[in-house]
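In what follows, a structure is listed as structure tokens, so that the remarks can point back to it.
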Amino acid sequence: MVETVLDTLLESPKLTLYYRKIGAVLDEEKRKRQKFYDTMTEQQKVEFINGESVMQSPAKLEHNVASNNLNILLSAYVIRHDLGYVGHEKMLISLTRNDYEPDVCFWRKEKSDDFGPKQMHFPAPDFIAEVLSPSTEDIDREVKFQDYAAHGVQEYWIINPDRKFVEQYSLQGEQYELQQKTDSGILRSSVVQGFQIPAAALFDQQEHFKMLREIVGV
């Protein structure tokens, strides 16, 4: 699809006019993006998407439960096996055009070892999970879905806390392919070596605690 659009533009006699217009749009976005960096605060959950600052509303309890549960389980596993670094909610991922704050993300050790203690902008993770809410579902399923794939995020989970299921995608070439959609099955990460949890551990606190004990070995 991308190649078809690009080929059409390259063959158009208006190519130079398109180039100038695109350049003007990107220059304006660059100005807005710098303002976004200058004015954002640690107290805000805000993203920069296609030239606009997008403020996130406060999370519902069910959203917070699923996000925290995955963060705790994944962090415990990654720390125990020294696999890299897990970020939660306030890590600013700066891609070529947009900036996101994913709910949960993971970088392999070869990337995270280069992170500095005062670093505020981070490269594309190897794994991202987004927990759906009514105000963000379209973004999570469309813009982020395309952007994460384009920047090589190898695994993407979309978590629905209302209906209590998880969609697990893996990057095949330049596009995501659905590996499974489950509310009761086992989620086996293709990126975090050996990490596997029942989907229920993201939504049910007793299942979560049981899984946490298994991970930490107590």
**Study point:** CA sep, side-chain torsions, deciding dist, call: Glu29, Arg97, salt bridge (Lys or Arg N to Asp or Glu O under 4.0 Å)
**Key:** CA-CA 8 Å; Glu29 277 195 14; Arg97 186 181 183 187; 2.5 Å; yes
Hey, is the main chain of Ile215 close enough, under 3.5 Å, to the side chain of Arg80 for a donor-acceptor pair?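 The answer is yes, because a donor-acceptor pair under 3.5 Å joins these two groups.
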Minimum heavy-atom distance between [X] and [Y], given as atom pair plus value:
X      : Y      : value
Lys45  : Glu101 : NZ-O, 2.7 Å
Lys60  : Pro134 : NZ-CG, 4.5 Å
Pro125 : Cys105 : CG-CB, 3.7 Å

Decide side chain to side chain contact (heavy atoms under 4.5 Å, CB included) for Asp99 and Glu47; before the verdict, give the C-alpha distance in whole Å, the side-chain angles of both, and the deciding distance to 0.1 Å.
CA-CA 6 Å; Asp99 297 91; Glu47 300 177 317; 5.9 Å; no
Review point. Would a hydrophobic clustering, with Ile, Leu, Val, Met, Phe, Trp and Tyr connected at side-chain separations under 4.5 Å, put Leu171 with Phe127?
Key: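 No, separate clusters.
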Check: Would you say Val65 and Phe203 are hydrophobically clustered, going by side-chain heavy atoms of ILVMFWY under 4.5 Å?
Finding: no
**Asked** When you look at Leu83 and Tyr77, which way does the side chain to side chain contact (heavy atoms under 4.5 Å, CB included) test go after all the steps?
**Response** CA-CA 8 Å; Leu83 298 178; Tyr77 184 86; 3.6 Å; yes
Quick one: do Glu28 and Arg31 satisfy salt bridge (Lys or Arg N to Asp or Glu O under 4.0 Å)? Show the steps, please. CA-CA 5 Å; Glu28 178 63 12; Arg31 183 190 67 79; 2.6 Å; yes
- Arg163 bridged to Asp183 by N-O distance under 4.0 Å: no
With Ile128 as partner, the option from Tyr156, Tyr169, Trp157 fulfilling side-chain contact (heavy atoms from CB on, under 4.5 Å) is Tyr156
Only residue of Ile158, Ile159, Val166, Asp140 satisfying side-chain contact (heavy atoms from CB on, under 4.5 Å) with Val131 is Ile159
- Query: Going through the checks in order, is the side chain to side chain contact (heavy atoms under 4.5 Å, CB included) test met by Leu9 and Tyr19?
  - Reply: CA-CA 10 Å; Leu9 288 175; Tyr19 173 78; over 6 Å; no
Phe165 six-ring face occupied by Lys181 cation (under 6.0 Å, within 45°)
yes
